[in-house]
Number of protein chains: 2
Amino acid sequence: MSKATIDDVARLAGVSIKTVSRVVNREQNVRESTRDRVQRAISELNYRPNLSARNLASLRSHLIVLVYDDPSAYEIPSGGYVIRMQQGVLRACGAADYELLIHPCNYRNRNATDKLHALIDQVRPDGIVLAAPLSNMPRIVKAIADKGTPMVRLSPGKENGGQFTVVTNDREVCAEMTRYLVSLGHKRIAYVTGHPRHKAINNRFQGYKDGLKQSGLPFSEDLVIAGDNSFNSGEAGGDSLLSQENPPTAIFTANDDMAAGVIRAADRRGIDIPGQLSVAGFDDIALARQIYPSLTTIRQPLSQMAEVAAEALISDPGDGSKLKGTSVVPAQLMIRESTGPAPGD
Amino acid sequence: MSKATIDDVARLAGVSIKTVSRVVNREQNVRESTRDRVQRAISELNYRPNLSARNLASLRSHLIVLVYDDPSAYEIPSGGYVIRMQQGVLRACGAADYELLIHPCNYRNRNATDKLHALIDQVRPDGIVLAAPLSNMPRIVKAIADKGTPMVRLSPGKENGGQFTVVTNDREVCAEMTRYLVSLGHKRIAYVTGHPRHKAINNRFQGYKDGLKQSGLPFSEDLVIAGDNSFNSGEAGGDSLLSQENPPTAIFTANDDMAAGVIRAADRRGIDIPGQLSVAGFDDIALARQIYPSLTTIRQPLSQMAEVAAEALISDPGDGSKLKGTSVVPAQLMIRESTGPAPGD
DNA sequence: AAATCTTTTGACAACGCTGTCAATTGAGTT
DNA sequence: AACTCAATTGACAGCGTTGTCAAAAGATTT
């Protein structure tokens, strides 16, 4: 039932509240002996500084906000994505006695920016971690920047809007995946693109093309199908590709959901994976390990990216000195069962 | 760049700050005309009350905390579960201008309760939504209750620890699923149990037994396999059941992950689902709709439960009058492709 | 021992709001 | 018109911190 305040601690330790404040905030110039005395009083009373009072009196709120595309706007919540980012931010918060407030943001909504403004005005967070695809929407970025709240963008591309941005090497790693498929003997490697709204999607497609070029293979429009990131569009794309006269021996998709769709399409046609067809995705969603065959894919280091972002916000002294440039956290190839040597190779 | 304060609004509207406060808090006894004037000033200045100041001055913090078992403690984050609860709480928060703070709690950790206490002391939330399985751990419940913070427990069972509890009818709905399988002609219906730590798991098992009894079918230990909620344990359980001399024609598992494992085991043996084997799970994770055949399962109304919980906390006037008893939100059977008539029926 | 400088400490005013309680206003009565 | 009572409004003191600035205490130099 404790609700010890700084006054209680000061009284018990026989010092002024200001000195207690100094100890709590790890300030310089407190005699070792008094610091000890205060520390003892703090733990005896189980004192914890009230966040609201701190926030009100100082410029730091000890609050980080994670803003991400509202998953409830989709039929199937792509929860894994969000959870992993949350975990990353929470790791950084936990290490620094910060708390995390979450704010799904539906950018399709007219009042999305109003809500962001309201949030910022009301809670005055020390920083905002802005997830993709919002991090690539000028309207959203501007809404936050206008308020002057420190922000870190999580982005799959290299582009930088002036704020500190944590990125992955989507393009490079997709080229790597493509080269890997080539190294298995595949010559006809198809690609299913995703929803062009996501910047990442283009980077991945570029990476696919880079990989072909680097391997000396020709790029062919016939082997590219437009999907929209959904399982269903992957299934449709797979159907379309596999019904060609000269079907591809490998299909690389811009995300795992679509890869799962491709696998289902192949399943229904009795096509063996990876014997007759190799399939690779992107994301490493939980499903990737659970389907049969398990899916070769690319894992975005979402949780590390979010952690790096939150750390930067927390450790910034307030002048933005830690919030400059770009930090690259590399993605990783996850080779599993769905890819294998090209048939007859 | 707005940072209008209540003083600015008061000045512009030509009233005292107290009157502005009254308007903001929708108090009675403000003349219509002054209310209008204040409202106009508020929207002109884009004023939003500072949350910390409110929190400090009043007993309400406009903050809800969602506490759940730390999913990062597992290998495969069971994110869907958490996301859905978050969505429910957020719905209630959005409707009432509340913010959501999330707090994963690793109960295996010695200092889990300390962290909870720290959180409560620091942010003084208006309420805590406590998710299962934490909601059934006396140590955790007590840690929160000791601080006097209003709390609502989300629980799969009927038990009630003295706090307001939002529950599902796990047991009843599992009996219903069992009866449904019987109605399809199945006589040998196996069951894969989950990790006994979760109270829900026992309720589900009881429901399975209830269903058998209600259908006049005998219960047999031979048809029960112990799993641990993981995909792998489901696969192992499936293998074991399907290698019996007289294998079951239907397998009901305590969660979807294990059901997916069973399906994989059947796949590998070339057993057709639902032709030769019906499989039913519990949870309705995203995977359930994505695998082939799609999974018949039971959907917990997690998001509604969380919403009901948060609403109760938000609407409680502070005397706990809204925080009594138990509220049941029924779960729902999701009949899909993985169940069908018993072979030869 | 006095003078100077540095380190350590404390008094007190914010921070932006709500609660309390008293003052003012307006309506209804006599 | 004076009086009563309810509705409306405002003054002011907190809420628990931190920032500012000055005072006190030590350390160093002369």
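Residue numbers start from 1 in every chain, and the chains themselves are labelled A, B, ... in the order their sequence lines are given, proteins ahead of strands. Hydrogens, waters and symmetry mates are skipped; everything else that's a heavy atom, side chains included, is used.
- In the set dC17(C), dT20(D), dT17(D), the nucleotide with an atom closest to the side chain of I17(A) is dT17(D).
- Note on V24(A): nothing from the nucleic acid sits closer than 4.0 angstrom, heavy atoms only.
- Rounded to an integer number of Å, the gap from R60(A) CZ to dG19(D) C1' is 15 Å.
- Distances were taken from every side-chain heavy atom of T19(A) (C-beta onward) to each of dG10(C), dT17(D), dT7(C); the shortest belongs to dG10(C).
- In this structure, D316(B) does not pair ionically with R60(B), as no charged nitrogen and carboxylate oxygen lie closer than 4.0 Å.
- Between the CZ atom of R11(A) and the P atom of dG16(D) there is a distance of 12 Å, rounded to whole Å.
- Comparing dG16(D), dG10(C), dA7(D) by their closest approach to the side chain of A57(A) singles out dG16(D).
- Counting non-hydrogen atoms under 4.0 angstrom, T34(B) reaches the backbone sugars and phosphates but no base.
- Nucleotide dG16(D) holds its P atom 14 Å from the CG atom of L51(A), rounded to whole Å.
- Taking only side-chain nitrogens and oxygens, N25(B) comes nearer than 4.0 Å to OP1 or OP2 of dT18(C).
- Distances were taken from every side-chain heavy atom of L56(B) (C-beta onward) to each of dC15(C), dG16(C), dT8(D); the shortest belongs to dG16(C).
- When the nucleotides dC17(C), dT18(C), dG16(D) are ranked by their closest atom to the side chain of S21(B), dT18(C) comes out on top.
- Between the side chains of R54(B) and N25(B), at least one donor N or O sits under 3.5 Å from an acceptor N or O.
- Closest to the side chain of S58(A), from the set dG16(D), dG16(C), dT18(D), is dT18(D).
- Rounded to an integer number of Å, the gap from CD of E27(B) to P of dT8(D) is 12 Å.
- Computed from coordinates, the N29(B) CG to dA27(C) P distance equals 15 Å when rounded to whole Å.
- Between the side chain of R22(A) and the base of dG10(C), at least one donor-acceptor pair of N or O atoms lies under 3.5 Å.
- To the nearest angstrom, P of dT25(C) lies 21 Å from CD of E32(B).
- Judged purely by atom type and a 3.5 angstrom limit, S61(B) uses its side chain to pair as donor or acceptor with the backbone of D126(B).
- Taking atom CZ of R26(B) as the reference point, atom C1' of dT18(C) lies 16 Å away to the nearest angstrom.
- Checking dG10(C), dT17(D), dG19(C) against every side-chain atom of P49(A), the shortest atom distance belongs to dT17(D).
- Side-chain proximity of K18(A) to the nucleotides dG10(C), dG10(D), dG16(C) is greatest for dG10(C).
- Using a cutoff of 4.0 Å between basic side-chain nitrogens and carboxylate oxygens, K147(B) and D121(B) are scored as salt-bridged.
- T149(B) places no side-chain N or O within 3.5 Å of a backbone atom of I144(B) that could act as its donor or acceptor partner.
- Formation of a donor-acceptor pair under 3.5 Å by the R84(A) side chain with backbone atoms of S303(A) is not found in this model.
- Going from atom CZ of R54(B) over to atom C1' of dC15(D) covers 15 Å, rounded to whole Å.
- If you check dG10(C), dG26(D), dT20(C) against the side chain of R31(A), the one that comes closest is dG26(D).
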